Amino acid sequence: MSVKEKLQELISEAKEKISLVQSVHELNDVKAKYLGKKGSFQEIMKLMKDLPNEERPMFGKLTNEAKQVITNYLIDQKQLIEDAKVNEQLRSETIDVTLPGRSFEVGKKHLLTQIKEELEDLFIGMGYSVMEGPEIEIDEYNFEKLNLPKNHPARDMQDTFYITEETLLRTHTSPVQVRTMLDNKEKGPIKIVCPGKVFRRDDDDATHSHQFMQFEGLVVDETTSMADLKGTLLVAARKLFGDKREIRLRPSYFPFTEPSVEVDVSCHNCNGKGCNICKGTGWIEVLGAGVVNNNVLEASGYDSTKYQAFAFGMGVERIAMLKYGINDIRSFYTNDIRFNKQFK
Ligand code: FA5
């Protein structure tokens, strides 16, 4: 077989092999097999030394041409492989811009947070500051300084989760009032509201929860009176239940206030005529309040001959239940998204 024929055969063989290659890595192996240091062309070049001098240039020319042909096959195949890779990537990453977009649900504030913030805004507008305190309290602030010494029968009104003999989960937000009065070194006027979680060993049912939220207020000044309390609560009732609401005060008992009152709001559902929400009375009980007992002022360092104070406290869930006709307090805590979504 002549050199020319040998080269022709090598070219055909390489052409076929190269056309079957699917990856650049594999292509490099094929390239080495033909053009590398130990490749087919090196073998052919060894034949040169046996040729007469005059045939050598032609031999060199033919060999170089054959090498160039195979190099071109390799370049073309590499291009094909790379194009196929790019096309596959484009195909797999194609975005169908005609598909409708995914909608993201925007969360809303929990109804209790909404009411708490609504009340805070109202009272901030009347010059109050918002104060918070710890949920784990000491007995002294939760009870004793509020005129509820150990073994006082009124402690039964607030069945308590004790952690130790002296520490407990606060049963109301009134200890924040004690803390604020104690912290006020000047012993000057105070105007605060205290929202927060409280805890009682009440059995959970439609109207009771072992954890609930209270919103309390305290005003200490030299000239506060029951009339100021009533005016303040009328503004709050109208904000919560509508401009036409009236309030009435009924005598009650809290150890930390004297006199103490329960505050009723005229029913927003029937305008006072009587319905199932107000149980036919035309009035709904919403909060407890009163003039702060002198013992409480003195226990927190206030001169009760100089200062007077009024305080009030409400259960935020009960307010929300009345306002929106919610019949089970547990709905606030079971986090059913369908319930939460209704209140924008
Ligand atoms: C108090 O806790 C007083 N500290 C309120 C107060 C403050 C009176 C300042 C006077 C001056 P009472 O125990 O009534 O009061 O609770 C207040 C409100 O919390 C109730 O009117 C009710 O709406 C709510 N509440 C009481 N127990 C529960 C419960 N287990 N689940 C849900 N809400 C409750």
Side-chain angles (χ1 to χ4, degrees), residues 111-112 115-116 119 123 128 131 133 137 141-148 152 154-161 168-181 190-220 224 226 228-230 232-233 236-237 240 247 249-265 283-297 300 308-323 326-333:
L111 177 57
L112 293 178
I115 294 191
K116 182 188 91 146
L119 283 165
F123 281 97
Y128 286 69
M131 296 299 286
E137 246 319 341
Y141 294 168
N142 194 81
F143 288 128
E144 281 178 46
K145 283 196 183 299
L146 288 164
N147 204 28
L148 275 153
H152 191 290
R155 284 198 180 204
D156 293 347
M157 289 160 77
Q158 302 186 2
D159 209 352
T160 310
F161 288 110
L168 44 82
L169 295 181
R170 67 179 179 190
T171 55
H172 50 176
T173 41
S174 304
V176 183
Q177 304 180 7
V178 173
R179 284 174 175 273
T180 311
M181 287 194 281
I190 289 177
K191 230 175 150 182
I192 54 163
V193 283
C194 327
K197 274 186 225 154
V198 300
F199 309 83
R200 290 188 194 176
R201 289 179 52 189
D202 290 341
D203 289 331
D204 288 1
D205 62 21
T207 52
H208 293 84
S209 173
H210 60 279
Q211 179 205 302
F212 58 103
M213 190 188 279
Q214 282 193 342
F215 192 95
E216 294 207 6
L218 170 74
V219 175
V220 185
T224 60
M226 204 68 174
D228 297 322
L229 170 65
K230 193 173 178 190
T232 306
L233 295 178
L240 284 168
I247 60 169
L249 310 188
R250 282 181 293 110
S252 184
Y253 171 74
F254 295 105
F256 26 88
T257 46
E258 181 58 38
S260 303
V261 289
E262 289 289 346
V263 181
D264 298 341
V265 179
W283 295 95
I284 298 171
E285 183 185 315
V286 290
L287 54 90
V291 172
V292 175
N293 192 308
N294 285 345
N295 292 344
V296 175
L297 287 174
S300 298
Q308 290 181 321
F310 69 75
F312 54 88
M314 59 191 103
V316 180
E317 289 82 355
R318 299 243 175 112
I319 300 275
M321 289 168 82
L322 289 169
K323 192 168 170 171
I326 298 161
N327 52 20
D328 195 327
I329 196 169
R330 288 166 289 205
S331 310
F332 293 107
Y333 295 105

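Start at 1 and go down the list; that is how both ligands and their atoms are numbered. Note that the structure is predicted; figures quoted are calculated from it, not measured.
- Side chains of T171 and N142: a donor on one and an acceptor on the other come within 3.5 Å.
- In this structure, the ring of F256 has its center no less than 6.0 angstrom from the ring center of F310.
- Formation of a donor-acceptor pair under 3.5 Å by the T257 side chain with backbone atoms of P255 is not found in this model.
- Closer than 4.0 angstrom to ligand 1 lie heavy atoms from Q158, H172, S174, R200, D202, T207, H208, S209, F212, Q214, E216, F254, F256, T257, G288, A289, A311, F312, G313, G315, R318, I329.
- Ring pair H172/F143 is tilted by interplanar angle, where 30° to 60° counts as tilted.
- Remark: R201 pairs with no residue by the side-chain hydrogen bond (donor to acceptor under 3.5 Å, both in side chains) rule, at least two apart or across chains.
- In this structure, R330 does not pair ionically with D204, as no charged nitrogen and carboxylate oxygen lie closer than 4.0 Å.
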